[in-house]
Amino acid sequence: MSGLPRIPLAEWVDALIKWLQVHFAPVFAVIQGAIEPTTDFFQRLLTILPPLGTILFISVIVWLLSRWRIALFALIGLWFIHYLGLWESSVETIALVLTSTLLSIVVGIPLGLWIGRSERAKNIISPLLDFMQTMPAFIYLIPAVFFFALGSVPAVIASVIFAMPPTIRMTGLGLRQVSNELKEAADAFGSTPWQKLVKVELPLAKSTILAGINQTIMLSLSMVVISSMIGAGGLGEIVLQSISRLQVGKGFEAGLAIVIIAIILDRMTQNLGNPRTQANPASTWGTARRLLSIVAIIGLLGLVVASYTKAGAAKEKVTLTYVSWDTEIASTHVVKKVLENQGYEVDLKETEAGPMWSGVVSGDADAHVAAWLPVTGKVFVQKYKGQYDDLGVNLKGARLGLVVPDYVPIESIEELNAHKAEFDGKIIGIDPGAGIMQNTEKGIKQYGLNYQLVSGSDATMTAALAKAIGQKKPIVVVGWQPHWIFAKYDLKILKDPKKVYGAEEQIHTIARKGLKEDMPEVYGILDRFQWTKEDMESVMLDIRKGMSPDEAAAKWVKEHPEQVKAWTKK
């Protein structure tokens with residue numbers, strides 16, 4: 001087998017993606033133009049009232065569409081989410097789920113009707129559905145990022161691709177389950193194909209179709225959580241932060257909120273169309289339910305109108321993107337606080353290194369303050385050359401390389417192979433998209449290291465380091481300065497004779513093209529933003545001691561008014 005030529009499948013896929021980016025750009029623009037307003041519509045609708053008012057209104061809608069027990073659960077569950085302080089994130093998640101479900105229904109039901117009536121269509125579409133369902137969900141994030149960069153649009157697209165198959169399959173199945181005798185009877189009474197579909201086939205297949213929509217909703221919910229990796233926001237972002245920072249309690253709260261939303265959506269869609277949920281129209285309850293339904297519809301229409309006529313000038317919005325490294329969490333939140341103090345609304349998108357750069361290049365994000373140069377971010381500089389504005393250095397004297405505790409008796413990377421057994425043959429790394437990880441992969445080859453590079457996150461790396469130091473065991477990790485670990489532990493960066501990690505690094509601020517013209521004040525603040533390793537480490541240590549990133553940033557800004565004044569020129 002080794003003598004066979006390798007099929008360049010990866011290169012073909014990359015070439016296809018680039019070709020689609022160039023030749024189908026108008027199509028992607030139309031798709032983005034349809035999805036963004038839809039998501040925005042649902043978010044407006046869910047935020048026009050105070051949270052408790054929205055929760056009560058949703059509970060009434062749930063009662064009208066299903067059972068009073070489910071409505072009671074919705075009331076208590078949504079109130080609990082609000083009590084945990086997760087309401088805004090939950091609204092983002094619900095808006096994404098509703099948008100992706102709506103698109104899945106609009107596209108999926110017609111396709112399902114087609115395969116329900118045509119054997120040839122079924123034979124063609126079914127293998128595609130198998131492929132869509134068996135492909136790992138994370139894979140859909142890659143082309144979504146390339147075509148739509150960051151935010152809600154790629155999240156919705158990935159969710160639709162992943163979640164639509166059940167709607168198509170179950171619609172087709174429901175149509176095929178309608179007995180031929182009933183179809184022949186409809187034909188005998190002179191029904192047109194449309195009349196037969198609407199009055200016979202769809203009503204009989206309704207329960208099966210709704211079961212498919214139910215599964216689509218559940219899959220959409222799981223996918224929009226995964227899509228937090230490409231800046232989708234919502235509860236998924238909190239889960240991602242909890243994983244990357246090893247915050248178990250915070251992750252549990254967000255997970256519980258997701259479970260509550262999933263149960264409400266699941267039980268509500270399961271009970272749609274169930275005759276047992278409908279009160280007798282002639283009864284007092286039936287009359288009250290009918291009147292309440294009319295009031296709810298009028299109220300919903302009123303909320304729709306009010307959401308687009310809400311008074312008050314909106315703040316100018318700035319979008320910053322960053323990676324979940326302690327250094328970038330600190331710097332990005334400090335910049336966020338400074339911009340908020342100047343009257344801007346700042347939206348943070350936490351993602352991986354690749355999407356962080358592509359988001360700024362595409363214009364989906366305004367800037368990031370996390371470009372480690374000249375070595376770590378070299379691959380992105382080469383890839384996006386001329387497509388962004390480099391505002392210069394915001395921190396000098398950064399270093400990176402392989403780090404060991406001070407008690408480990410080696411000084412250079414060249415000595416690692418001789419101590420492989422002591423280190424268990426592993427180098428503990430961070431997220432695989434980081435430039436330092438790519439440099440480490442090159443270093444393993446150049447130094448001939450017989451080591452495995454273990455991917456993870458900044459938090460998992462620091463946790464492994466803390467555990468090893470607590471037990472006085474040897475460990476080697478990828479690391480960089482500034483970082484709070486150097487303030488807390490006695491560490492050393494191994495010598496790098498082959499200069500794999502370069503010399504001293506600098507952190508640059510990167511802005512999108514056109515930001516200077518669109519937001520000159522923001523551009524000026526970002527351009528003047530500059531601080532020291534000691535500044536950054538103080539914020540990181542406050543976060544490490546238990547402060548939230550926003551609290552630590554606010555503390556630093558308050559304690560350094562002159563420095564902030566130099567950035568804002570005020």
Side-chain angles (χ1 to χ4, degrees), residues 39-102 152 214 217-218 220-225 228 232-242 247-272 274 277 279 285 288-289 291-307 310 347 548 550-551:
T39 306
D40 180 62
F41 164 74
F42 286 121
Q43 283 191 280
R44 286 172 178 264
L45 195 61
L46 293 168
T47 55
I48 185 65
L49 292 176
L52 293 179
T54 303
I55 290 169
L56 182 61
F57 189 77
I58 291 175
S59 302
V60 171
I61 297 295
V62 172
W63 175 61
L64 292 173
L65 294 177
S66 55
R67 300 170 180 267
W68 70 267
R69 293 185 183 86
I70 302 172
L72 181 61
F73 176 83
L75 180 65
I76 297 172
L78 293 176
W79 173 84
F80 186 65
I81 290 174
H82 174 59
Y83 172 76
L84 292 175
L86 299 174
W87 180 249
E88 290 185 4
S89 297
S90 298
V91 165
E92 289 185 55
T93 296
I94 294 171
L96 290 170
V97 171
L98 293 177
T99 303
S100 58
T101 302
L102 178 63
S152 60
N214 172 269
I217 292 173
M218 294 299 101
S220 295
L221 184 58
S222 67
M223 191 64 195
V224 297
V225 172
S228 62
L235 293 169
E237 182 176 9
I238 299 176
V239 173
L240 179 63
Q241 290 174 353
S242 303
Q247 297 172 325
V248 180
K250 187 176 179 181
F252 179 80
E253 287 181 348
L256 185 60
I258 293 169
V259 169
I260 291 170
I261 293 171
I263 292 174
I264 294 170
L265 293 174
D266 178 65
R267 296 298 185 270
M268 187 173 66
T269 51
Q270 280 186 5
N271 283 273
L272 277 176
N274 188 336
T277 66
W285 274 111
R289 191 178 187 121
L291 290 174
L292 188 58
S293 298
I294 295 172
V295 172
I297 292 172
I298 295 173
L300 186 61
L301 292 174
L303 290 177
V304 171
V305 174
S307 66
K310 189 175 181 180
D347 180 25
S548 71
D550 282 321
E551 291 171 341

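Bear in mind the structure is a predicted one, so any value in this text is a computation, not a measurement. Below, all heavy atoms of this structure are taken into account, side chains as well, without hydrogens, waters or symmetry copies.
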Hey, could you give me the [atom1]/[atom2] distance between [X] and [Y], rounded to the nearest 0.5 Å?
X    : Y    : atom1 : atom2 : result
R267 : L65  : CZ    : CG    : 16.0 Å
I58  : L46  : CD1   : CG    : 5.5 Å
T101 : L265 : OG1   : CG    : 7.5 Å
T47  : F42  : OG1   : CZ    : 13.0 Å
T269 : I217 : OG1   : CD1   : 4.5 Å

Ignoring hydrogens and angles, write down the donor-acceptor pairs under 3.5 Å from the side chains of residues 80-99, residues two or more places apart or on other chains.
from	atom 1	to	atom 2	distance (Å)
S90	OG	L86	O	2.8
E92	OE1	G234	N	3.3
T93	OG1	S89	O	3.2
T93	OG1	L235	N	2.8
T99	OG1	T39	OG1	3.4
T99	OG1	A95	O	2.8

Inset, instruction - Check salt bridge (Lys or Arg N to Asp or Glu O under 4.0 Å) between D266 and all other residues, then give those that pass, not counting sequence neighbours. - result: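 D266: no salt bridge (Lys or Arg N to Asp or Glu O under 4.0 Å) contacts found.
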Legend entry - Which atom of W68 lies closest to which atom of W63, heavy atoms considered: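 Taking every non-hydrogen atom into account, CA-CD1, 3.3 Å.
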Legend entry - Heavy-atom pair with the smallest gap, counting every atom of V62 and M268: CG2-SD, 3.7 Å
Legend entry - Student check: side-chain heavy atoms of V259 and I263 closer than 4.5 Å: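 They are in contact (side-chain heavy atoms under 4.5 Å apart), so the answer is yes.
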Legend entry - L75: partners by side chain to side chain contact (heavy atoms under 4.5 Å, CB included), with sequence neighbours left out: I55, L56, S59
